[in-house]
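Below: one structure, written as C-alpha cells.
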2 protein chains.
Amino acid sequence: MNAEQKKILIVEDDFNFGNILKDYLILNDYFVVLAKNGIEGMEKFQKENFDLCILDVMMPFKDGFTLGKEIREKNETIPLFFLSAKTLKEDVLRGFKIGADDYLTKPFDSEVLLAKIKAILNRKNFFNVPESDVYEFEIGKFKFNSKLRFLTYGGEESVKLSPKENQLLRLLVLHVNDLLPRELALNKIWRDDSYFTSRSMDVYIAKLRKYLKTDAKVEILNIHGEGFRLVVGQ
Amino acid sequence: MNAEQKKILIVEDDFNFGNILKDYLILNDYFVVLAKNGIEGMEKFQKENFDLCILDVMMPFKDGFTLGKEIREKNETIPLFFLSAKTLKEDVLRGFKIGADDYLTKPFDSEVLLAKIKAILNRKNFFNVPESDVYEFEIGKFKFNSKLRFLTYGGEESVKLSPKENQLLRLLVLHVNDLLPRELALNKIWRDDSYFTSRSMDVYIAKLRKYLKTDAKVEILNIHGEGFRLVVGQ
DNA sequence: TTCATAGCTTAATGTATTGTTAATAAAGTT
DNA sequence: AACTTTATTAACAATACATTAAGCTATGAA
C-alpha cells in the first residue's frame, strides 16, 4: 500500500461477496483488509489503524452488531458501516444506536456505497493525518531516530525509547509547533480513547518531558482540553 | 432553549411537512429553527451555531443542493442531511458529492431519522475542528493564534487563552473596528442568550481587556445596549 | 517451566485551568 | 432620581492535567 491510501476493514463471512467488495474497493484505490468473521475482525482491527470499517451483520461466532459495539468502545470516532440483508426497522435502529454511520441493506448500489465512503473519508477532520516514511528528526539539539528508537543529545548520551514513548514522540514531532490533538494520539497509538488510556498518555508525556528537559528550548506544552504541542525555540 | 440542547436547522418549503418535522424533533428535545426557503435558510445559518442541518432538495428560489454547497463552504464539518422525494441515483450521488452525511428519500421513517440524528450528534467527531482555516491575526502589536489559543506581544510573553476567551476574541477580531452585537456572540459562543450568559460574557470581556491593555492602541469599547467593538488605532 | 524484567497501565495525590455565579460598584438612559 | 446596563473582582465547583509510585503482563533467557 502507499501512504495516501485509506485503509478499510471489511468483515464479511460470505467469501464471494466479501471478495467482490474488496476488489471493487481496491480498484477504487483503497487499501482493504478482509476478515471472515467477528473474531478475526476484532483481531485485525487491533493490529493496525483503519480509516473505516464495513461490517456484515449476520455472521457466525460473533455478529456484526457485537463487533461494532466492541469497536466503538475502543474507538469513538472511526466510521462504521453495517451491511445487512435484513431491512427490519429494529435492526436499522439497533445499528445506529451502536453508533453506525450508515446501514446499507443488500443488495445495494456499489456506486452509492463508494460515494458514501468518499464523503465520510474526505470530510475534514484532524484524524486524517498523512503517513510518513521519515524516521530521522532533529528536535533542538536532539537527534531522534524513530526507527531505531533512540534519542541523542549533542552526539552522545543516547536514551533508548520504549515503543510507546517512541510513537508518541514521533507524533509530536510530525506536528512540531502545532497542535497534536489528544484524541488523535489516543486513536493512533492506543487505538482506544478511554479515561485510562488518556491517563496513560499523560504518563508518557511526563516521561518525554524528562528526557527532553536537557534542552531548555524544547518543550511540550499542553493546550487545555485539546492536546499537546511540541515547541522548539530557535 | 437551554444550552445543552442541540440545535437543528430545517429548511423545507412545504409548510405542513416542515412543521410536523419540527414538532417531532422538539418533542425529542432538540432546539429547532425552521426556514421556509434557501435564502432564509442561509440567513438563519449565519446567525447562530447549529449542530445539524436538514435540507429539502426541491425548493423554489434556491434548491437544497445549492444551499448545502454554500453551507459546506462556510462550515466544512457540520452534518448535512438531504431530504428528497427523488430517489434517482444521480441525485443521491450529487448529495454525497456535496458532502452530505445522509440522503433520505420521502417518505422516510421518523424513528430512523431520529436514530441517525442521535448517532451523528453524539459522535465525538467534529467538535474540535477549527471552523475556518484562518487562525492567525494581528491586533496592534499583538499576534493572536486562535488555533493554538495564545496571544503574544512583540514576539514574546505569551498569554494562553481559555476556549471561551479564545472564541470571544476571535469573534471580536472578525469584526474589528466594527460592532460585534452582543446577541450574536451569545448565540455563537454560549448558544443561548439569557441574563446569566450575558453576565458571563461581560466577565470575559473584562479578562480580554486585561490581556490587551499592554498596547494602548487596542481597546474593547462597549456600545450601550448593542454590543462591543474592538478598536485598533493606527 | 520458572524467573527476571522491560514496558505498560492503574492508582494515588496534588496542582492548574476553566466557566459560572455572586457581590458590589460604576456608568449610561429616561 | 430611578432604572437599566455594564465593569470588575472574587468565590466556587467541576474538570483536566502532572507526577511519582505501585501493580500488572508478556517476553525471552536460563
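What you are looking at is a predicted structure, and each value in this text was computed from that prediction instead of being measured.
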**Study point:** chain A contact limits on DNA chain C, taken 5' to 3' with a cut-off of 4.0 angstrom to heavy atoms
**Key:**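 Footprint of chain A along DNA chain C, 5' to 3': dG7(C) to dT18(C).
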
Practice item. Over 60° means perpendicular and under 30° means parallel, so classify the ring planes of F96(A) and Y103(A), tilted if in between. Key: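 If you compare the ring of Y103(A) with that of F96(A), the planes turn out tilted.
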
Exercise for review: Establish, yes or no, whether a centroid distance under 6.0 Å links the rings of F65(A) and F82(A).
Suggested key: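 Yes - the distance between ring centres of F65(A) and F82(A) falls below the 6.0 Å cut-off.
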
Starting at [atom1] of [X] and ending at [atom2] of [N], how long is that distance when rounded to a whole Å?
| X | N | atom1 | atom2 | result |
| --- | --- | --- | --- | --- |
| I220(A) | dC17(D) | CD1 | P | 14 Å |
| R229(A) | dC17(D) | CZ | P | 16 Å |
| L168(A) | dC17(D) | CG | C1' | 15 Å |
| R182(B) | dT4(D) | CZ | P | 16 Å |
| Y195(A) | dC17(D) | OH | P | 11 Å |
| L208(A) | dT20(D) | CG | P | 14 Å |
| Y211(B) | dT8(D) | OH | P | 14 Å |

**Study point:** Positive for ring pair (Phe, Tyr, Trp, His ring centres under 6.0 Å) with F142(B), one of Y153(B), F137(B), F150(B), Y211(B)
**Key:**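 The ring pair (Phe, Tyr, Trp, His ring centres under 6.0 Å) with F142(B) is passed solely by Y153(B) among Y153(B), F137(B), F150(B), Y211(B).
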
Point to revise | H224(B) side-chain proximity, nearest of dT5(D), dT8(D), dT19(D) | key: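 Closest nucleotide to the H224(B) side chain: dT5(D).
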
Check your understanding: Can we say R182(B) and D202(B) salt-bridge, meaning some charged N sits less than 4.0 Å from an Asp/Glu carboxylate O?
Key ->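 Looking at D202(B) together with R182(B), the answer is yes, because their closest N to O distance falls below 4.0 Å.
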
Review point. So, are R209(A) and E219(A) salt-bridged, with charged N and O less than 4.0 Å apart?
Key: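 Looking at E219(A) together with R209(A), the answer is no, because their closest N to O distance does not fall below 4.0 Å.
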
Review point. Can you list, by residue number, the residues of residues 196-207 of chain A that have a non-hydrogen atom closer than 4.0 angstrom to DNA chain D?
Key: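 Result for residues 196-207 of chain A: D202(A), V203(A), sorted by number.
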
Exercise for review: Quick one: closest heavy-atom pair of A115(B) and L93(A), and the distance?
Suggested key: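 Between these two residues, the closest heavy atoms are CB-CD2, 3.6 Å.
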
Review point. With a non-hydrogen cut-off below 4.0 angstrom, is K210(B) in contact with a base, only sugar-phosphate, or nothing?
Key: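 Sugar-phosphate only.
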
Practice item. Mind checking F228(B) for me? I need base, sugar-phosphate or nothing, with any heavy atom below 4.0 Å counting as a touch. Key: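 Sugar-phosphate only.
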
Review point. Looking at side-chain heavy atoms only, is the closest gap between F196(B) and W190(B) below 4.5 Å?
Key: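 Counting from C-beta outward, F196(B) and W190(B) never come under 4.5 Å.
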
Practice item. Could you check if a side-chain atom of L171(B) sits within less than 4.5 angstrom of a side-chain atom of I189(B), using non-hydrogen atoms only? Key: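 They are in contact (side-chain heavy atoms under 4.5 Å apart), so the answer is yes.
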
Point to revise | Cation-pi geometry met for K7(A) and F50(A) (6.0 Å, 45°) | key: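 Pair K7(A)/F50(A) counts as cation-pi.
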
